[in-house]
There are 2 protein chains.
Amino acid sequence: MAAGLAGVVSTRPADLDTHGRDENHLDSVPPRAVVFAETRDDVVTTMRWAGRHNAALIPFGAGTSAEGHVVPLGGEVSLDVSRMNRLVALCPEDFRAVVQPGLTRNGLNTRAREFGLTFPVDPGADASLGGMAATNASGTTTIRYGGMRANTLALEVVLASGDVLRLGRPVRKSSSGYDLRDLFIGSAGTLGVITELTVALHPVPEEIAVLRAFFPDVAAAVAGAFAAVGTGLPIARLELLDEITAGLLAQDVPGLVPDAPALFVELHSSTAAGLATELDIAHRALLEAGASTVGTATAQAEREAIWEARHRLFWSIRRAFPGRRYLITDTAVPLSAIVEHAQVISELRADLGLDVVTTGHVGDGNIHTVVAVAEGQDAPAALFSDELVRHALRVGGTCTGEHGIGVSKRQYLAAEHGDAALWMARVKGLFDPGNVLNPGKVVGPDLLSDALAAR
Amino acid sequence: MAAGLAGVVSTRPADLDTHGRDENHLDSVPPRAVVFAETRDDVVTTMRWAGRHNAALIPFGAGTSAEGHVVPLGGEVSLDVSRMNRLVALCPEDFRAVVQPGLTRNGLNTRAREFGLTFPVDPGADASLGGMAATNASGTTTIRYGGMRANTLALEVVLASGDVLRLGRPVRKSSSGYDLRDLFIGSAGTLGVITELTVALHPVPEEIAVLRAFFPDVAAAVAGAFAAVGTGLPIARLELLDEITAGLLAQDVPGLVPDAPALFVELHSSTAAGLATELDIAHRALLEAGASTVGTATAQAEREAIWEARHRLFWSIRRAFPGRRYLITDTAVPLSAIVEHAQVISELRADLGLDVVTTGHVGDGNIHTVVAVAEGQDAPAALFSDELVRHALRVGGTCTGEHGIGVSKRQYLAAEHGDAALWMARVKGLFDPGNVLNPGKVVGPDLLSDALAAR
């Protein structure tokens with residue numbers, strides 16, 4: 001099958017195995033082959049080959065997604081762009097970098113820090129920047145800096161036809177034409193393959209501190225988060241950890257109290273005086289909202305220990321509940337509904353008798369739960385996730401704040417978007433009429449055939 | 001023609017006249033009729049009527065656009081949504097409002113201020129929020145708060161088919177499906193008619209001050225702006241006024257010096273201590289960059305006088321150069337190219353012997369010029385605009401930072417976007433196959449027929 005293919009083609013079992021899973025789908029479904037593209041032309045050639053042979057392709061970056069985006073549904077070829085990992089240009093005067101899609105966020109940050117700059121989007125994993133744009137990733141710092149949509153100025157993409165498009169311009173603003181860039185951000189490789197990105201960099205904050213606030217229960221902690229946002233302070237991170245999470249991370253994080261739900265509130269300022277005043281305002285708001293104690297971490301090592309432990313959380317959960325299957329939810333709701341949403345989680349957990357860990361970027365209304373699913377708990381775990389998503393949709397929320405639809409959330413696309421889901425399928429049909437690119441992801445096969453039949 | 005039409009239909013000469021122009025196209029090209037829609041159903045009914053009768057519609061809000069978006073090209077019906085101007089809901093806890101498209105930004109701000117909130121997007125004119133979303137408007141505060149794209153959470157749109165879609169969700173983040181919301185933002189009524197918006201509100205800043213810095217020439221002032229951005233401070237506004245502008249506004253703005261190019265730098269902070277430190281940093285950066293003097297305005301009346309005068313500038317220019325035609329440019333370039341771009345303006349002005357006023361949201365790299373075109377200067381004025389756009393495109397910029405393509409900038413769509421312009425035309429063909437919605441705007445007829453022929 002390799003005739004006419006570019007890049008390095010592998011059918012080694014180890015390569016097939018690693019390209020058949022993601023961080024949350026651990027049982028590998030191996031692709032037919034892996035093509036390691038080393039240049040944009042490799043991507044174009046592979047795309048043309050796929051078109052001629054009616055083969056399906058799955059773009060693959062670091063494999064750190066959570067909703068099955070990169071997991072084959074049957075017979076696809078994995079198009080791995082991780083070797084396209086160059087920093088093409090770093091323009092400190094313009095606060096931007098041009099990168100290939102395989103460069104990871106940590107790789108970019110190592111280079112950006114030399115210029116006092118940072119790429120703030122932080123989904124936890126050291127994801128590839130192309131994959132982060134493809135899933136519209138965000139994370140802990142989104143409340144202040146926005147996610148990939150806000151921090152991606154321009155994309156180069158290769159369409160199923162092999163055409164190369166440049167979407168967006170490396171400027172801070174433009175009203176020129178239709179916004180195809182944002183259409184491709186979050187499209188999970190179903191509309192095109194990202195071969196270059198221009199991303200925004202930000203000055204490393206001069207002054208940083210983290211408040212650690214502890215609460216009697218999760219609902220109180222969520223209410224505290226809501227109060228913190230209500231201060232209007234430019235909060236940089238606002239993370240919830242339930243009592244189980246606190247227990248799992250306590251040994252790594254100084255000052256964390258096992259069994260007490262916690263909020264971490266990070267503030268960035270350009271001045272020490274400003275930071276001190278902001279800390280004071282946030283401190284008082286958290287106490288008034290019911291925090292039992294509030295402490296402050298300003299030393300870099302202490303602050304970094306918090307976020308490193310937070311990023312390792314999923315692995316800590318696996319260690320704490322070995323041999324389980326892990327079901328992750330990623331709902332986001334309007335801030336005014338977040339206390340109620342947290343109560344729904346707590347009630348479902350109790351009613352269904354599940355082991356559920358709750359964390360979240362609560363300043364954005366985004367809550368993650370991880371259900372550690374024991375033998376025989378598949379049905380209640382599925383019910384938990386379904387009820388949670390349906391509550392989020394009822395209050396105006398979304399089934400996925402940052403992970404994406406992938407495969408696991410396809411069933412909610414129409415429930416969330418109504419007739420707009422049918423138009424998403426028509427857009428898929430326009431850009432990829434042969435359904436070559438990551439088929440079955442985001443837009444399921446039924447929706448796609450409905451959309452194409454109705455035209 | 002009114003059979004089957006909803007809303008109030010007018011063919012009064014005064015209505016036709018006001019719906020045939022915008023702020024920059026003063027000679028009216030009257031539409032065939034004006035339909036004043038009062039409800040979403042009126043819009044749906046009018047859209048279906050247009051489809052049956054092969055009539056073309058131009059959505060119309062406040063008529064404050066600048067690139068001919070709302071000006072008929074021949075025989076269109078104006079679909080005026082200005083009577084759909086209700087504040088549907090204001091949710092202070094979620095920092096958002098739901099509005100009808102005809103509500104203006106000042107109308108929204110009057111209500112939001114009661115809750116200590118503000119809608120920060122400020123294009124100068126009291127534009128309708130639907131029109132602002134349709135053109136992806138931004139303005140003086142974009143450097144801090146973003147433009148319409150960053151501040152619009154969700155849209156309700158009516159398609160040419162009469163289908164009603166809801167795009168986006170009223171949450172701070174979502175990775176659910178394709179981003180059709182951003183496709184419609186900036187599409188200038190060519191893909192659908194916006195009938196409702198959910199927009200973001202922000203806390204009114206606790207502490208505000210404006211620095212006024214004066215420079216020996218425009219290039220020095222632009223270099224000063226670049227230095228101010230380089231401080232990494234969270235600047236809220238950063239506006240350039242050339243010496244002509246300073247002269248025009250001096251009588252209205254305390255502290256303005258005629259004949260001296262100026263920068264206005266506004267800082268917002270949640271604390272007085274933070275603001276004082278930030279002002280000090282900005283002050284020093286401006287002096288080091290070559291400012292001759294730097295003053296501070298903190299009193300509300302003094303600050304507001306600055307921005308009110310800035311917003312009236314276009315009218316001041318008309319008074320200063322009466323009987324002229326006015327050609328507006330709206331290029332935006334990467335920050336590192338902005339000094340060079342300002343030099344190009346200055347050289348073109350001298351070479352072509354034109355009266356050119358230069359201002360701009362220079363913190364975003366966005367410069368506006370107004371050419372006051374005298375009798376017989378049409379050719380040099382057109383050359384000025386063309387050379388300026390081509391320079392912007394050469395350095396990676398855009399032909400329009402915030403006004404939109406409309407009619408006047410259609411010729412640059414392909415130059416700026418390459419093959420992506422053809423795909424924009426295909427997207428137009430997908431959503432509006434009968435070319436009913438604002439035909440000829442954004443995507444010109446040649447590009448549209450190329451795109452549809454090539455499929």
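Every chain is numbered from 1 and lettered A, B, ... according to where its sequence line falls, protein lines coming before strand lines.
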Taking the side chain as every heavy atom from C-beta outward, state whether His417(A) and Arg166(B) have any pair of such atoms under 4.5 Å apart. no
Chain A heavy atoms under 4.5 Å from Arg96(B): which part of the residue, side chain, backbone, both or neither? side chain
Contact origin within Leu413(A) toward chain B - heavy atom pairs under 4.5 Å: side chain
Could you tell me which of Ala137(A), Gly365(A), Gly397(A), Gly230(A) has the largest number of non-hydrogen atom pairs under 4.5 Å with chain B? Gly397(A)
Minimal non-hydrogen separation, Ser176(B) against Cys399(A), with atom names: OG-SG, 4.1 Å
Hey, are the side chains of Val171(A) and Asn366(B) touching, using non-hydrogen atoms and a 4.5 Å cut-off? no
Strictly distance-based, threshold 3.5 Å: is any side-chain N or O of Arg169(A) a donor or acceptor partner for the main-chain N or O of Thr398(B)? no
Residues 138-146 of chain A vs chain B, non-hydrogen distance cutoff under 4.5 Å, contacting residues -> Ser138(A), Gly139(A), Thr142(A), Ile143(A)
Provide the closest heavy-atom pair for Ser174(B) versus Glu416(A) in the form atom of the first, atom of the second, distance. OG-OE2, 3.9 Å
Distance, nearest 0.5 Å, that separates OG1 of Thr277(A) from CG of Leu275(B): 11.0 Å
Tell me, for Lys409(A) versus chain B, whether the close heavy atoms (under 4.5 Å) come from the side chain, the backbone, both or neither. neither
Interface residue of largest heavy-atom contact number with chain B, from Gly396(A), Gly418(A), Gly363(A), Ala276(A), under 4.5 Å: Gly396(A)
Part of Phe226(B) lying under 4.5 Å from any heavy atom of chain A: side chain
Taking Ser175(A)'s backbone N and O only, do any of them form a donor-acceptor pair with His403(B)'s side chain (distance below 3.5 Å, no angle check)? no
Using a cut-off of under 4.5 Å on heavy-atom pairs, state which of Gly168(A), Pro170(A), Ala337(A), Ala332(A) scores highest against chain B. Pro170(A)
So which residue, Gly232(A), Ser269(A), Ala420(A), Ala273(A), ends up with the most heavy-atom pairs under 4.5 Å with chain B? Ala420(A)
So with a 6.0 Å cut-off around CD of Glu206(B), is the heavy-atom count from everything else above 12? no
Hey, what do you get for CG (Asp179(A)) to CG (Asn136(B)), rounding to the nearest 0.5 Å? 7.5 Å
Proximity breakdown for Leu393(B) and chain A, heavy-atom pairs closer than 4.5 Å: both
So what's closer than 4.5 Å to chain B heavy atoms on Asp163(A): side chain, backbone, both or neither? side chain
Would you please go through residues 148-161 of chain A and name the residues with a non-hydrogen atom below 4.5 Å from one of chain B, in numerical order? Arg149(A), Leu159(A)
Does a side-chain heavy-atom distance below 4.5 Å link Tyr178(B) with Val443(A)? yes
Any side-chain to backbone donor/acceptor pair from Asp182(B) onto Leu183(A)? Under 3.5 Å, distance only. no
Which portion of Phe431(A) sits near chain B, non-hydrogen atoms under 4.5 angstrom: both
In terms of heavy-atom proximity below 4.5 Å to chain B, should Val442(A) be classed as side chain, backbone, both, or neither? side chain
Return the option, out of Gly404(B), Cys91(B), Pro234(B), with the maximum number of heavy-atom pairs under 4.5 Å with chain A. Gly404(B)
Under 4.5 Å heavy-atom distance to chain A, tell me which part of Leu335(B) shows up: side chain, backbone, both or neither. both
Per-residue contact mode, Leu167(B) against chain A (heavy atom under 4.5 angstrom): side chain
Which residue out of Thr135(B), Val229(B), Leu233(B), Ile281(B) racks up the most heavy-atom pairs below 4.5 Å with chain A? Val229(B)
Who among Pro203(B), Gly401(B), Gly406(B), Gly116(B) has the most heavy-atom pairs with chain A under 4.5 Å? Gly401(B)
Which portion of Val395(B) sits near chain A, non-hydrogen atoms under 4.5 angstrom: neither
Among Gly186(B), Ala188(B), Pro205(B), Ser187(B), which residue has the highest count of heavy-atom pairs closer than 4.5 Å to chain A? Ser187(B)
Under 3.5 Å: donor-acceptor pair, side chain of Asp94(A), backbone of Ser336(B): yes
Non-hydrogen side-chain atoms of Val427(B) and Leu180(A) separated by less than 4.5 Å: yes
Using a 4.5 Å cut-off on heavy atoms from C-beta on, say whether the side chain of Glu93(A) contacts that of Pro334(B). no
Contact winner vs chain A - Pro433(B), Gly147(B), Gly274(B), heavy-atom pairs under 4.5 Å: Gly274(B)
What part of His361(A) gets closer than 4.5 Å to chain B, counting heavy atoms only: side chain, backbone, both or neither? side chain
Tell me, for Phe95(A) versus chain B, whether the close heavy atoms (under 4.5 Å) come from the side chain, the backbone, both or neither. side chain
